[in-house]
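Numbers here simply count residues along the sequence, with the first being 1.
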Amino acid sequence: MAVSPEQEHPTKAFGWAARDSSGLLSPFKFSRRATGTNDVTFKVLYCGICHTDLSMLKNEWGISMYPLLPGHEIVGLVTEVGSNVEKFKVGDSVGVGYLVGSCQSCDSCGNNAENYCPEMIFTSGAKYHDGSATYGGYSNIMVADEHFVVRIPDNLPLDGAAPLLCAGVTTYSPLRYFGLDKPGMHVGVVGAGGLGHVAVKFAKAMGVKVTVISTSPNKKKEEAIENLGADSFLVSRDNGQMQAAMGTMDGIIDTVSAVHPLLPLLGLLKTNGKLVLVGVPEKPLELPVVPLISGRKIVAGSTIGGLKETQEMIDFAGKHNITANIELIPIDYVNTAMERLTKADVRYRFVIDVANTLKSSS
């Protein structure tokens, strides 16, 4: 007989979860494991909402397991540590991102790239090493192996820091790995939403010239330049603007998850330029080969970052006072937030005020 989520582990917990692919979230009682020798337990204060949460709730990728309790941009305060834990103590500000486990023995894990481990374990909607379900941050407490926990710099507000654990490292990682972080370089950022707006902030802090590329003119131009600090703005549907910018960019970080043409973006790249995709369109994109060959250009993909890089990212954010632009919401607004997220109606990232609103709602 299957064990209920409430009885699977000894520590009582609660949050909001979906029971089926309708994606509708409601109060949910479950259990967390006791703090193991290598574990960090923390009270969840805030949790960001990622578009991946929405995709998993709706089972868009066909891999969701229910009940599904989302959330992988989790920050809070340490309440207990295991006897072998060395990096954290009670009271520390910490966070957990997209991963809570990996094999720790493959080449990727050995190279601090746990995010590419074939046995990586997602923070929610997956099975942990012991076979129990993983539940995310739309909940009151979190338990994770210290290897998968990062320290949040004291100067960063925790609500604005939460989205950096996914959106932040997803854009920071390709800037670093593909060498698009050198002062004086010119980088384009496609889309200025939850991912794109932090990409702009990181690139500017690295000394890079940034052009935001968007289908929407006027209002977004003001936001990109005046609020985010971009150097210029390019309307991708304006042929004149696109023609004038041909061959001017060293690289492009493409954050768009909708189906869109790559040919115009490849035209913006210099010889040896790099187009890095970090969004996940529902359908395959058409890849024109001639522009790649004629300009020795690269189309690449990238996802989140390993734990070492995630800590490096959040430390960099602390040094440069980088946070996400957020809309703070109570837990009982989460279903409305998901509806708005479907329509891209958020500037720029929803964050749930878990500590102040979860108890009253449950």
Side-chain angles (χ1 to χ4, degrees), residues 50-52 98 115-116 163-216 220-221 223-225 227-236 242 245-270 272-281 285 287 291-292 295 297-306 309-310 312-313 316-317 320 322 324-325 344 348-349:
C50 176
H51 198 280
T52 299
Y98 203 58
N115 52 314
Y116 297 112
L164 299 182
L165 296 172
C166 178
V169 73
T170 296
T171 53
Y172 178 92
S173 180
L175 286 168
R176 290 295 198 204
Y177 181 82
F178 291 101
L180 301 175
D181 56 350
K182 308 297 187 294
M185 278 187 158
H186 184 189
V187 170
V189 175
V190 186
L195 290 171
H197 89 286
V198 288
V200 173
K201 293 185 179 187
F202 279 126
K204 287 302 298 178
M206 294 168 182
V208 173
K209 177 184 176 183
V210 179
T211 295
V212 170
I213 306 164
S214 175
T215 58
S216 304
K220 283 197 174 182
K221 179 178 181 179
E223 292 180 2
I225 295 176
N227 296 337
L228 302 180
D231 298 282
S232 55
F233 187 89
L234 191 57
V235 180
S236 58
M242 293 292 284
M246 291 277 285
T248 62
M249 299 180 187
D250 297 285
I252 295 174
I253 306 296
D254 185 346
T255 72
V256 174
S257 291
V259 175
H260 59 288
L262 298 182
L263 181 60
L265 300 178
L266 292 172
L268 298 174
L269 293 172
K270 298 176 181 177
N272 302 318
K274 301 163 186 174
L275 170 61
V276 187
L277 308 176
V278 298
V280 186
L285 302 181
L287 180 62
L292 300 181
K297 298 172 183 178
I298 293 173
V299 176
S302 183
T303 181
I304 53 171
E309 189 171 45
T310 302
E312 176 189 305
M313 175 277 304
F316 182 88
H320 295 276
I322 295 172
N325 293 10
Y348 287 85
R349 203 78 163 178

Pairs meeting criterion salt bridge (Lys or Arg N to Asp or Glu O under 4.0 Å) with involvement of [range], two or more places apart:
range            : result
residues 184-209 : Lys204-Asp231
residues 163-191 : Arg176-Asp181, Arg176-Glu312
residues 254-267 : none

Could you tell me which residues satisfy ring pair (Phe, Tyr, Trp, His ring centres under 6.0 Å) with Tyr116, sequence neighbours excluded, listed by chain and number? none
Take Ser214 and Lys221 through the test side chain to side chain contact (heavy atoms under 4.5 Å, CB included) and record every step on the way to the result. CA-CA 9 Å; Ser214 175; Lys221 179 178 181 179; over 6 Å; no
Going by the side-chain contact (heavy atoms from CB on, under 4.5 Å) test, name the single residue among Val299, Leu275, Leu265, Leu263 that passes it with Pro291.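 It is Leu263; the other options fail the test.
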Contacts of type side chain to side chain donor-acceptor pair (under 3.5 Å), residue Thr255, not counting sequence neighbours: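 Counting only residues at least two positions away or on another chain, Thr255 forms no side chain to side chain donor-acceptor pair (under 3.5 Å).
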Residues two or more places apart in sequence or in another chain: which of them pass side chain to side chain donor-acceptor pair (under 3.5 Å) with Thr211?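 Per chain and number, Thr211 pairs via side chain to side chain donor-acceptor pair (under 3.5 Å) with His186, Ser232.
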With rounding to the nearest 0.5 Å, note down the distance linking [atom1] in [X] to [atom2] in [Y].
X      : Y      : atom1 : atom2 : value
Phe233 : Ile213 : CZ    : CD1   : 10.0 Å
Arg349 : His197 : CZ    : NE2   : 8.0 Å
Met313 : Ser173 : CE    : OG    : 10.0 Å
Met242 : Leu268 : CE    : CG    : 4.0 Å
Leu180 : Lys274 : CG    : NZ    : 6.0 Å

Does Tyr177 have more than 12 heavy atoms from other residues, nucleotides or ligands lying within 6.0 Å of its OH?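 No, because the 6.0 Å sphere around OH of Tyr177 holds 12 heavy atoms or fewer from other groups.
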Within the 4.5 Å heavy-atom criterion, are [X] and [Y] side-chain neighbours or not?
X      : Y      : answer
Ile304 : Thr310 : no
Leu285 : Val259 : yes
Leu228 : Val210 : no
Val278 : Ile253 : yes
Leu292 : Leu287 : yes
Val235 : Thr215 : no
Pro183 : Met206 : no
His260 : Leu262 : yes

With side chain to side chain contact (heavy atoms under 4.5 Å, CB included) as the test, would you mind laying out the steps for Ile252 and Leu269 before giving the verdict? CA-CA 8 Å; Ile252 295 174; Leu269 293 172; 3.8 Å; yes
Go through it in stages, so that I can follow the logic: the residues are Leu234 and Met249, the test is side chain to side chain contact (heavy atoms under 4.5 Å, CB included), and I'd like the CA-CA distance, side-chain angles, deciding distance and then a yes or no. CA-CA 12 Å; Leu234 191 57; Met249 299 180 187; 4.1 Å; yes
Measure the acute angle between the ring planes of Phe202 and Phe316, then classify it against the limits of 30° and 60° as parallel, tilted or perpendicular.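 Ring orientation, 0 to 90° scale: tilted.
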Write down the atom of [X], the atom of [Y], and the distance for their closest heavy-atom approach.
X      : Y      : result
Val198 : Ala167 : CG2-O, 3.6 Å
Gly193 : Tyr348 : O-CD2, 3.7 Å
Ala324 : Leu164 : N-CD2, 4.2 Å
Val212 : Ala230 : CG2-CB, 3.8 Å
Ser257 : Gly279 : OG-CA, 3.8 Å

Any side-chain to backbone donor/acceptor pair from His320 onto Ala317? Under 3.5 Å, distance only.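 Pair absent, no side-chain N/O of His320 close to backbone of Ala317.
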May I ask you to decide if Gly306's main-chain N or O and Asn115's side chain share a donor-acceptor pair within less than 3.5 Å?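 A pair under 3.5 Å: yes.
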